[in-house]
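Residue numbering restarts at 1 for every chain, and letters A, B, ... go by the order of the sequence lines. Just so it is clear, the structure is predicted and the values come from calculations on it, not from any experiment.
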2 protein chains.
Amino acid sequence: MATMLEVAKLAGVSKATVSRVLTGNGYVGQETKDRVWQAIEECGYRPNLLARNLATKRTQTLGLVVTNTLYHGVYFSELLFHAARMTENQGRQLILADGKHSAEEERAAIQYLLDMRCDGIIIYPRFLSVDEIDELIQQHEQPVLVLNRRLRRNLSHCVYCDQARTSQNAVEKLIQQGHRDIAFITGSLDSPTGIERLSGYKAALAEHNIPLQDALIVDGKWTPATGSAGVDTLLDRGVSFSALVASNDDMAIGAMKQLQSRGLRVPEQVSVVGFDDIALAPYMMPSLSSVKIPVTEMIQEIIHRLIFMLDGGEFKPQPSFLGELIARDSLGAGPQG
Amino acid sequence: MATMLEVAKLAGVSKATVSRVLTGNGYVGQETKDRVWQAIEECGYRPNLLARNLATKRTQTLGLVVTNTLYHGVYFSELLFHAARMTENQGRQLILADGKHSAEEERAAIQYLLDMRCDGIIIYPRFLSVDEIDELIQQHEQPVLVLNRRLRRNLSHCVYCDQARTSQNAVEKLIQQGHRDIAFITGSLDSPTGIERLSGYKAALAEHNIPLQDALIVDGKWTPATGSAGVDTLLDRGVSFSALVASNDDMAIGAMKQLQSRGLRVPEQVSVVGFDDIALAPYMMPSLSSVKIPVTEMIQEIIHRLIFMLDGGEFKPQPSFLGELIARDSLGAGPQG
DNA sequence: TTGTACGCGTTATCAT
DNA sequence: ATGATAACGCGTACAA
């Protein structure tokens, strides 16, 4: 490939002048400028970004680490779509690294982006603990921001949704509709999100003096299959419920199908609510409701903050985000039709 | 950040020795090796990949360009998921660049990856013509492979699905079920995929001596809204049909909903078939069938080929892939129930 | 087995 | 306004 030196020779100037023409830094006569551009065209010169970035110590890239398990489905698409769009609006490039499915691989992905000298990094952690992340942030000079976790020491470096409060609000809405027997399928309880959504459910019941029935709670692991298994468990226990909250949409969908195949009508006999917003996609049947987490706003906020930090700003901690229950046909009924 | 020089000083050796320890190239005594590792730990040294890649002229990265319009939905997730997995299995990193929504931006994305000195590039073109891509491939020394296009001059550089034949096969399956009045909603006809799926439909009819009715064909633009509008157009024209093929799943879903809201039962009165495989996702109702395009196999093939080229191999052109109609409940019926 | 010195392709700081 | 030249951090012949 043609380098700057060849362009310089062709135009009869020095490397320095070519560089000046390219970057716009420093004065250069109009006539030589023309000659340089012509030489560039002539030999199809393209700048080597590796060399440029090495020299300037900036790469104009933002790194994003997301776990493998999130790659499937609409949530990830939305996240990536907005992240890429916003990054490029700022004249930078987004680089995605796969966090795969273990803490070690998550660390490796982050390390790779750091070694690549990304100007800043956003992580959507799944296996790393808050403490480890907090430490990581302080070890590296590049700003490392965190999505979906409430950090302890670096509050200005995280953007998250109050999952507990969001869950509580959603369940309260069901209670206001008249539901009292509300079943709950948890997410993986090794994830903060899973834990918080469960605790929100409990808080809502407590707030309204509805006794907590352990028999109404079953464990799930985020997948449609576990949602459907959860319904089996509930029905086999012989408990009755007029509403079912699943900790994400995948499980809500699995649950709904299983309810139907066991002869229960959704939403007439059981209202089903999920989280995230697959259930709100245009191609879903309107028999499910879902709690929409504001991904777009969150990714927007985090990138704004990151850019601001890169430009040398200091950020004060911001309040957390809140999800909102989007009711579809499924919530009109109330219990027992 | 600590550089190699600092590590060298700390260990009392030269840069070269540190480099040898790190890369594993060249002999180095066990004792000094230990000292070097210790020094590395001590100052938290991390290699600068920009410098390393500049020196070695290899980046161990593969670039992927995909249009913005594909970012939504399951198809893209699958593509990206497998691409990332396979790339990293080969010890390299996948870098994603947004092709956005114009030819110019698609070019820019490719150019960025080239300037970054990715070892190889995969493009999933949307706006670039086959001729331009063919030219591009020959201009650059990095291998540039192409997904979903049949190139003219560089057949070994493309992996694609025979959309026309795939579409034809699917329609023939409907004909074999007894359907004769089969409506068709096209995709955007500025895209090869859209054109080929339509021509496959026509070919199937011709093959079975079923006269082509222009009134059974309506234009769509890939979105659910255009699928639903297509159904309106068809019904307003007063034509009758027992099956409806939409050129992708999004339109099939829009169409199905519109059929239902205008009082037609799916699939009892009208069988609906889409393309890609959203309709096959676990959360979809089983009232839609879909033609599954083998994305996984295709991305696998293209990455294998790319790696092979990077290792200096020459590839002979391979046959194209074929999609397959996955029948669900919706195909059992045949016309008129 | 280890060190010296040069090259990778830019940018940036000096002079001129 | 332009040209030398020294970084940037690393790999690697070549020499010792």
Side-chain angles (χ1 to χ4, degrees), chain A residues 1-37 39-40 43-61 111-112 114-119 140-142, chain B residues 1-40 43-61 111-119 140-142:
Chain A
M1 285 217 67
T3 84
M4 225 164 118
L5 189 60
E6 308 181 37
V7 175
K9 283 180 185 167
L10 213 69
V13 295
S14 72
K15 285 194 312 182
T17 302
V18 178
S19 176
R20 277 190 275 261
V21 170
L22 248 38
T23 62
N25 297 337
Y27 298 98
V28 48
Q30 184 58 47
E31 188 214 5
T32 48
K33 202 180 282 185
D34 292 342
R35 276 212 320 280
V36 169
W37 277 118
I40 287 178
C43 60
Y45 166 82
R46 287 264 86 207
N48 183 325
L49 293 189
L50 294 174
R52 170 177 297 175
N53 293 340
L54 178 61
T56 58
K57 298 188 152 198
R58 302 202 86 199
T59 59
Q60 312 286 9
T61 57
Q111 198 55 257
Y112 176 78
L114 289 168
D115 293 348
M116 277 279 270
R117 298 303 189 265
C118 286
D119 293 341
H140 302 280
E141 53 204 29
Q142 292 109 313
Chain B
M1 288 218 65
T3 85
M4 226 163 115
L5 188 61
E6 309 181 36
V7 175
K9 282 180 186 167
L10 213 66
V13 295
S14 73
K15 281 195 316 181
T17 302
V18 178
S19 177
R20 280 189 273 261
V21 171
L22 248 37
T23 62
N25 299 336
Y27 298 97
V28 49
Q30 184 58 47
E31 187 215 5
T32 47
K33 203 180 281 185
D34 293 341
R35 277 214 316 282
V36 169
W37 277 118
Q38 190 177 339
I40 288 177
C43 61
Y45 166 81
R46 286 263 88 207
N48 182 325
L49 293 189
L50 294 174
R52 169 179 296 176
N53 294 339
L54 179 61
T56 59
K57 296 187 154 199
R58 302 202 85 198
T59 59
Q60 311 288 11
T61 58
Q111 198 55 257
Y112 176 78
L113 294 176
L114 288 167
D115 293 348
M116 277 278 269
R117 297 303 188 266
C118 285
D119 293 340
H140 302 280
E141 53 204 32
Q142 292 109 313

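- At C:dG3, one or more side-chain N or O atoms of B:Ser14 fall inside 4.0 Å of OP1 or OP2 (strictly under the cut-off).
- What you find for A:Val7 and A:Ile40 is that their closest heavy atoms are CG1-CG1, 3.7 Å.
- Taking atom CD1 on B:Ile40 and atom P on D:dC10, their separation rounds to 10 Å, with Å as the unit.
- If you measure from atom CD of B:Gln60 to atom C1' of D:dG11, you get 14 Å, rounded to the nearest angstrom.
- Across all strands, A:Arg46 comes closer than 4.0 Å only to sugar-phosphate atoms, never to a base (heavy-atom distances).
- Shortest non-hydrogen contact noted between B:Asn25 and B:Arg20 is O-CG, 3.1 Å.
- Put simply, the side chain of A:Met116 does not reach to within 4.5 Å of the side chain of A:Thr61, judged on heavy atoms.
- Between A:Thr32 and D:dA1 there is no side-chain polar atom (N or O) within less than 4.0 angstrom of OP1 or OP2.
- Side chains of B:Asp34 and B:Gln30: a donor on one and an acceptor on the other come within 3.5 Å.
- Taking atom CG of A:Asn53 as the reference point, atom C1' of C:dC8 lies 14 Å away to the nearest angstrom.
- Under the 3.5 Å distance criterion, the side-chain polar atoms of B:Thr23 are matched with a main-chain donor or acceptor of B:Ser19.
- B:Gln111 places a side-chain heavy atom less than 4.5 Å from the side chain of B:Asp115.
- Going from atom CG of B:Leu5 over to atom C1' of C:dA5 covers 14 Å, rounded to whole Å.
- Using a 4.0 Å cut-off, some side-chain N or O of B:Lys57 falls inside it from OP1 or OP2 of C:dG9.
- Here D:dA6 presents its C1' atom at 14 Å from CG of A:Leu54, a figure rounded to the nearest Å.
- In this structure, the CE atom of B:Met116 is 21 Å from the P atom of C:dC8, given to the nearest Å.
- One axis for each end of the helix from C:dT1-D:dA16 to C:dT16-D:dA1, each built from five base pairs, and the angle between them comes to 40° at 10° resolution.
- Between A:Asp34 atom CG and D:dA1 atom C1' the separation is 15 Å, expressed in whole Å.
- Remark: P of D:dT2 and CD of A:Gln30 are 10 Å apart, rounded to the nearest angstrom.
- Residues B:Gln60 and B:Asp119 come closest through the heavy atom pair N-OD2, 2.7 Å.
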Extract from the structure each pairing of a protein N or O with an N or O of nucleotides 11-14 of chain C at less than 3.5 Å, listing the distance.
| unit_1 | atom_1 | unit_2 | atom_2 | d |
| --- | --- | --- | --- | --- |
| C:dT11 | OP1 | A:Arg52 | NE | 2.9 |
| C:dT11 | OP1 | A:Arg52 | NH2 | 3.3 |
| C:dT11 | OP2 | A:Ser19 | OG | 2.7 |

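- Proximity of B:Arg58 to B:Asn53: side-chain heavy atoms (C-beta onward) are nowhere separated by under 4.5 Å.
- Under the 4.5 Å side-chain criterion, counting only non-hydrogen atoms from C-beta, A:Arg117 is in contact with B:Asn48.
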